[in-house]
*Asks:* 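Below you will find the structure I want to go over with you.
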Amino acid sequence: MPELPEVEIIVRKLKTFLIGKVPIRIICNKAKLLKTSQCLSMALDRPIYDISRKGKLIILSVPPYAWLIHLKMTGQLWWQHKDTPLPSYTHLTILFKDTEYQLRFADSRQFGYLQIVPEKVLSQVPFLQKLGPDALTITPLTFEKRLQNRHAIIKSLLLNQQCLAGLGNIYSDEALWLAKIHPLTPANTINQTQIKKLTTAIHKVLKCALKLGGTSIKSYVHPDGQKGLYQNRLFVYGKAGLPCQRCGSLIKRLKIGGRSSYFCPVCQPRIN
DNA sequence: GCCACTGTTAGCAT
DNA sequence: CATGCTAACAGTGG
């Protein structure tokens, strides 16, 4: 569920809670969600220096280690007092020095993980190595270069984190609708003007979602429990059979690579 | 109950 | 290399 705006909001809020805090213990109830190559205790008892993200991956800088958190589809991070009842499917709990608050990692589908690696080898983590440029800051020119030799359809490439990092199913569909591009369009047939429009559309939809606290459809919450509001501003995602807010035609749903794609057949005509 | 669906990604086959 | 399919898992809704 969490795509770039949701992850960015989590990072911003975690910063206000966690910078300078010293993790002293990790309680792990589901071993496969905790990936550590070295002795775990080595990574504890050091202050959190910074928190950032690359695409949808959260990175806690805890020198000389980096803690990587991926929420995948249903992962949640909660910052809660120790006496607050545990959220369902809490698999990891991180305790800190001098506070009764805890960072809790819940994930019903158990696809997410916390991986601790020496900061030195961060650039060798395969997932990070392959990750494309960030969707929030990519320029039309960079985007054009990455699309020009690709035969795949644009919807698949927007979801491909190696092509562009940060978009998921919701914001891909929203951006294509804003840019009036059919999801099945082969990437290498999209002209410069359209790529520029698509880049602008991606930036616009991500920034607006950020401003509204992200999209809370199923499980997404901020670490303090607050929910996003962008689900009220979606134009096409999940809107099959409803009128297009631009032209009134009925929104269609298409299965692309096993994922639902929503689009307006009139605003987003198939050209190629 | 059963089946189809869900916001992600890695790994494998083609 | 590029692309497409499936699995990992658990919940929800028809």
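Order of the sequence lines fixes the chain letters, A, B, ..., with proteins taken first and strands second; residue numbering starts at 1 for each chain.
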*Asks:* Counting only side-chain N and O atoms of A:Arg259, is one of them less than 4.0 Å from OP1 or OP2 of B:dC5?
*Replies:* no
*Asks:* Is any side-chain nitrogen or oxygen of A:Ser260 closer than 4.0 Å to OP1 or OP2 of B:dC5?
*Replies:* no
*Asks:* Is there a residue in residues 69-78 of chain A whose heavy atoms reach under 4.0 Å of DNA chain B, and which residues are they?
*Replies:* A:His70, A:Lys72, A:Met73
*Asks:* Using a heavy-atom cut-off of 4.0 Å across all strands, would you classify A:Glu6 as base, sugar-phosphate, or nothing?
*Replies:* nothing
*Asks:* A side-chain contact here means heavy atoms from C-beta on lying under 4.5 Å apart; do A:Phe96 and A:Tyr101 qualify?
*Replies:* no
*Asks:* For B:dT8 and A:Lys56 - does any side-chain N or O of the residue sit under 4.0 Å from the phosphate oxygens OP1/OP2?
*Replies:* yes
*Asks:* Quick one: is A:Gln110 getting a side-chain N or O under 4.0 Å of the C:dA8 phosphate, OP1 or OP2?
*Replies:* no
*Asks:* Flag the pair A:Ile69 / A:Ile10 as yes when at least one side-chain heavy-atom distance between them is below 4.5 Å, and no otherwise.
*Replies:* no
*Asks:* Using whole Å, what does the distance between atom P of nucleotide B:dT8 and atom OH of A:Tyr113 come to?
*Replies:* 14 Å
*Asks:* Side-chain N or O of A:Lys130 less than 4.0 angstrom from OP1 or OP2 on B:dT9?
*Replies:* no
*Asks:* Tell me which nucleotide, if any, is Watson-Crick or G-U wobble paired with C:dG4 when both distances must be under 3.5 Å.
*Replies:* B:dC12
*Asks:* Output the rounded distance in Å from CD1 (A:Ile256) to P (C:dT6).
*Replies:* 17 Å
*Asks:* Please report, rounded to the nearest Å, how far the P atom of C:dT3 is from the CG atom of A:Leu147.
*Replies:* 11 Å
*Asks:* In terms of side-chain geometry, is the basic nitrogen of A:Lys155 or A:Asp173 positioned less than 4.0 Å from the acidic oxygen of its partner?
*Replies:* yes
*Asks:* Check this one for me: any side-chain N or O of A:Arg150 less than 4.0 Å away from OP1 or OP2 of C:dC1?
*Replies:* no
*Asks:* Are A:Asp224 and A:Lys13 close enough for a salt bridge, meaning some N to O gap below 4.0 Å?
*Replies:* yes
*Asks:* Going by heavy atoms in the side chains, are A:Thr189 and A:Ile271 under 4.5 Å from each other?
*Replies:* no
*Asks:* Looking at every strand, decide which applies to A:Tyr220 at a 4.0 Å heavy-atom threshold: base, sugar-phosphate, or nothing.
*Replies:* base
*Asks:* May I ask you to test the A:Asp45-A:Ile24 pair for a side-chain heavy-atom distance under 4.5 Å?
*Replies:* yes
*Asks:* Figure out the CG/C1' separation between A:Leu33 and C:dC9, and round it to whole Å.
*Replies:* 11 Å
*Asks:* Can you measure A:Asn160 atom CG to C:dT3 atom P for me and round it to whole angstrom units?
*Replies:* 9 Å
*Asks:* Calculate the interatomic distance between A:Leu158 atom CG and B:dT8 atom P; express it in whole Å.
*Replies:* 12 Å
*Asks:* Evaluate the ring planes of A:His70 and A:Tyr113, with Trp represented by its six-membered ring, and classify them as parallel (under 30°), tilted (30 to 60°) or perpendicular (over 60°).
*Replies:* tilted
*Asks:* What is the separation between atom CD1 on A:Ile153 and atom C1' on C:dC5, rounded to the nearest whole Å?
*Replies:* 14 Å
*Asks:* With a 3.5 Å cut-off and heavy atoms only, can you find an N or O donor on one side and an acceptor on the other between the side chain of A:Arg109 and the base of B:dT6?
*Replies:* yes
*Asks:* Rounded to the Å, how far apart are A:Gln162 CD and C:dT3 C1'?
*Replies:* 12 Å
*Asks:* Report the nucleotide, chosen from C:dA8, C:dT3, B:dT8, that has the shortest atom-to-atom distance to any side-chain atom of A:Lys32.
*Replies:* C:dA8
*Asks:* For the residue pair A:Tyr230 and A:Tyr171, does the interplanar ring angle fall in the parallel (under 30°), tilted (30 to 60°) or perpendicular (over 60°) class?
*Replies:* tilted
